[in-house]
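Excluded from the calculations below are hydrogen atoms, water molecules and symmetry mates; all remaining heavy atoms, backbone and side chain alike, are included. Chain naming here is simple, since letters A, B, ... match the order of the sequence lines and numbering starts at 1 in each.
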Protein chains: 2
Amino acid sequence: MPRRRVSMDDIARHVGLSRTTVSFVINGRTDMNISEESRKRVWDAVRDLGYRPDAGARSLAARRTDLIGVVTDITTSPFGGGIVQGAQDAAWRQGKLLLIVGTDGDPGVEAAAVDMLLERRVEGMIYATLAHREVAVPKAMTEVPTVLVHCFDGALPHVLPDEAEGGRTGTRRLIDAGHRRIGLINLDPAVPAAVGRRAGYERALAEAGIPVDPRLIVSGDATATSGFERAAELLDLDDPPTGLFCCTDRMAMGAYDAVRERGLRVPQDIGVVGYDNQEIIAAYLRPPLTTVALPFDEMGAAAVAMLTDPDGPGAGRTIGCPLVERASV
Amino acid sequence: MPRRRVSMDDIARHVGLSRTTVSFVINGRTDMNISEESRKRVWDAVRDLGYRPDAGARSLAARRTDLIGVVTDITTSPFGGGIVQGAQDAAWRQGKLLLIVGTDGDPGVEAAAVDMLLERRVEGMIYATLAHREVAVPKAMTEVPTVLVHCFDGALPHVLPDEAEGGRTGTRRLIDAGHRRIGLINLDPAVPAAVGRRAGYERALAEAGIPVDPRLIVSGDATATSGFERAAELLDLDDPPTGLFCCTDRMAMGAYDAVRERGLRVPQDIGVVGYDNQEIIAAYLRPPLTTVALPFDEMGAAAVAMLTDPDGPGAGRTIGCPLVERASV
DNA sequence: TTGTAGGCGTTATCAC
DNA sequence: GTGATAACGCCTACAA
């Protein structure tokens with residue numbers, strides 16, 4: 001039999017002050033200059049009666065919800081969750097709450113989600129994807145400040161990983177270890193991540209004065225099987241590479257097998273660098289995989305920062321992909 | 001220069017009806033029996049003026065927020081995220097929204113999170129943990145219906161995986177494949193998952209008329225390294241097991257290495273079953289790992305179902321751990 | 001069928 | 001220093 005919730009009125013009545021006064025002390029407003037005595041009595045009453053301000057009512061009157069909406073196709077994924085995580089942490093630190101809805105990529109659900117969030121009067125939205133890709137967002141999304149994370153649509157501000165820099169970083173790690181012939185096991189050349197990473201790869205080679213050999217650049221899908229096959233092709237070349245830069249850790253996982261199958265060892269005979277830093281693969285492979293990480297947490301945090309910036313989201317940002325050093329090169 | 005939001009009043013004025021009438025048609029109330037004509041005009045106006053009901057205002061007046069709070073230490077984890085995912089999906093289907101706050105297990109943050117959620121007037125809360133364990137929740141949590149997921153505190157209703165059933169299932173899979181000597185690489189015997197799984201293991205053996213050999217039961221931590229070491233011990237026994245039931249997929253990953261190192265093969269020589277169904281390990285191991293899955297999604301969905309059940313959360317539930325058949329036995 | 005009026009719990013404006 | 005009083009946007013008896 002839960003008693004009626006205690007309201008601000010109850011507090012006011014209890015301490016014999018007006019609602020206004022109570023509101024002021026609870027919101028810690030100093031401009032209205034209230035006696036220490038009254039302040040204390042109010043706080044005591046709050047504690048004694050177990051009063052909790054009603055955020056909904058407050059929002060209605062104050063016209064701010066402190067809510068940020070998130071619509072994303074990221075679900076259980078072992079990775080990518082970092083975006084939501086980073087956003088959540090950043091939001092929490094600013095007293096904002098996230099309203100997250102997972103859409104599984106279904107456009108119908110996305111539109112419904114945006115509507116629902118708009119009805120909740122979110123003050124901004126984040127649209128985040130698992131894969132780096134171009135998207136078309138529900139148009140209602142533009143009704144509030146919105147930032148795209150890990151995706152872009154040519155119009156809205158976005159936060160993207162700097163794939164080119166990542167590609168360069170990974171490649172250079174191999175070069176620094178003395179490798180001159182470095183194979184690139186790329187993703188489907190059409191996807192944004194692939195073009196960026198390849199550009200970075202070529203740039204790193206150029207900077208080291210190493211000519212790019214097209215035969216050393218192959219591509220496949222993001223699976224261990226694919227990595228295995230592509231690595232095998234590369235290793236069976238007449239003049240095989242001694243370093244392998246794989247565009248996903250899964251591919252690197254497959255590459256390990258190809259290397260092993262040829263009686264070679266990582267890293268003594270072949271240096272391998274992955275991409276994604278999927279802990280569960282990278283850290284537990286033997287030897288542990290040196291890989292380029294996608295800065296998910298930072299991307300999520302950056303998006304929130306852009307949204308809460310009083311000057312508005314700005315144009316967009318790109319975030320570096322740091323190298324995670326382990327033992328495969 | 002965003003025009004003032006359009007309110008219900010605007011609609012009413014626009015169509016020349018009262019707010020009441022508009023409210024009724026928008027909320028689809030049939031009891032009040034309104035002319036088709038009026039209904040249509042209202043909906044047209046809604047569309048034309050781009051009206052969106054204000055969920056906050058609605059909550060205030062109707063005394064229901066359709067909000068469920070989630071406090072959890074599950075973050076980016078490659079697994080466990082399924083709980084939030086399952087909860088989110090179930091909530092969405094019921095028109096509820098989740099207010100999720102990740103606490104990283106910090107009790108201070110947890111308490112603050114609960115307060116914040118209570119101020120938002122969530123109608124129920126879910127407290128979910130990554131690991132199956134006993135917890136102490138912030139006491140304010142009991143102010144609304146709450147269910148614990150993947151954890152328990154002896155008082156609140158909870159949703160737990162049926163570890164014993166899972167232990168039995170995994171073990172039986174090995175037995176069914178003809179194995180009679182089956183090693184159990186358990187977790188720290190003190191943790192709930194370990195006691196449940198071991199009980200299931202012993203039960204399966206008993207049902208098959210196989211005596212339990214204490215030397216076949218070892219334990220370690222949930223790492224590949226630990227799995228490697230424990231498996232090695234077992235395989236080096238005078239009378240080694242032919243089947244290995246590992247309490248985590250990571251352990252199984254290590255066990256694979258131990259098997260391989262001894263010139264044996266999975267599954268021909270040694271059958272291996274894991275636990276957790278961490279896709280990224282289980283599916284990409286060679287051969288792919290047969291493993292017992294933790295029903296995260298179902299647990300999350302069950303929690304939401306309990307919360308939205310008009311009869312209240314009830315006492316608690318336990319959910320089965322299905323076997324995911326791959327190729328390691 | 002439709003309209004009136006009061007209430008939900010706060011904030012905010014101004015006067016006292 | 002403090003207190004009426006009017007929003008905020010919507011719901012809902014109750015009346016017409």
List the atom of [X], the atom of [Y], and the distance in Å for their closest heavy-atom pair.
X	Y	result
B:Ile34	B:Arg39	O-NH1, 2.9 Å
A:Val147	A:Val159	CG2-CG2, 4.0 Å
A:Gly102	A:Val109	O-CG1, 4.4 Å
B:Met141	B:Val137	SD-CB, 3.8 Å
B:Leu307	B:Pro145	CD1-O, 3.9 Å
A:Asp115	A:Ala140	OD1-CB, 4.2 Å

Find the distance [X]:[atom1] to [N]:[atom2] and express it as a whole number of Å.
X	N	atom1	atom2	answer
B:Arg41	C:dT1	CZ	C1'	13 Å
A:Phe24	C:dG9	CZ	P	20 Å
A:Ile26	C:dG9	CD1	P	14 Å
A:Arg58	C:dT11	CZ	P	5 Å
A:Asp54	C:dC8	CG	P	12 Å
B:Met8	C:dG3	CE	P	13 Å
B:Arg13	C:dT2	CZ	P	19 Å
A:Leu60	D:dA7	CG	C1'	9 Å

Name the nucleic acid region contacted by [X], choosing base, sugar-phosphate or nothing; use a 4.0 angstrom heavy-atom cut-off, strictly under.
X	answer
B:Asn27	sugar-phosphate
A:Arg63	sugar-phosphate
A:Arg64	nothing
B:Ser35	sugar-phosphate
B:Ser59	nothing

If each of B:Asp9 and A:Thr21 is mapped to the nucleotide of DNA chain D with the nearest heavy atom, which maps nearer the 5' terminus, i.e. the 5' end?
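Its nearest nucleotide lies further toward 5', so the answer is A:Thr21.
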CA sep, side-chain torsions, deciding dist, call: A:Arg58, A:Asp54, salt bridge (Lys or Arg N to Asp or Glu O under 4.0 Å)
CA-CA 6 Å; A:Arg58 195 206 300 268; A:Asp54 183 313; over 6 Å; no
Side chain of A:Ser7, base of C:dT10: donor and acceptor closer than 3.5 Å?
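Between C:dT10 and A:Ser7, which were checked side chain against base, a qualifying N/O pair under 3.5 Å is absent.
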Please determine whether any donor N or O and acceptor N or O are separated by less than 3.5 Å between the side chain of A:Ser23 and the base of C:dA12.
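No pair found.
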Looking only at the side chain of [X] (C-beta and beyond, no hydrogens), which of the listed nucleotides [options] gets closest?
X	options	value
B:Arg29	D:dT12, C:dT11, D:dG9	D:dT12
B:Ala62	D:dC11, C:dT10, D:dC10	D:dC11
A:Thr20	C:dT11, D:dT2, C:dA12	C:dA12
A:Ser18	C:dG3, D:dC10, D:dG3	D:dG3
B:Arg19	D:dG9, C:dA5, C:dT4	C:dA5
B:Ile34	D:dG3, C:dT2, C:dT11	C:dT2

Angle between terminal axes - the helix from C:dT1-D:dA16 to C:dC16-D:dG1, 5 pairs each end, rounded to 10°:
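The two end axes of the helix from C:dT1-D:dA16 to C:dC16-D:dG1 meet at 40°.
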Listing, residues 151-158 of chain A side-chain donor-acceptor contacts under 3.5 Å, not counting sequence neighbours, or none:
unit_1	atom_1	unit_2	atom_2	d
A:Asp153	OD1	A:Ala155	N	2.8
A:Asp153	OD1	A:Leu156	N	2.8

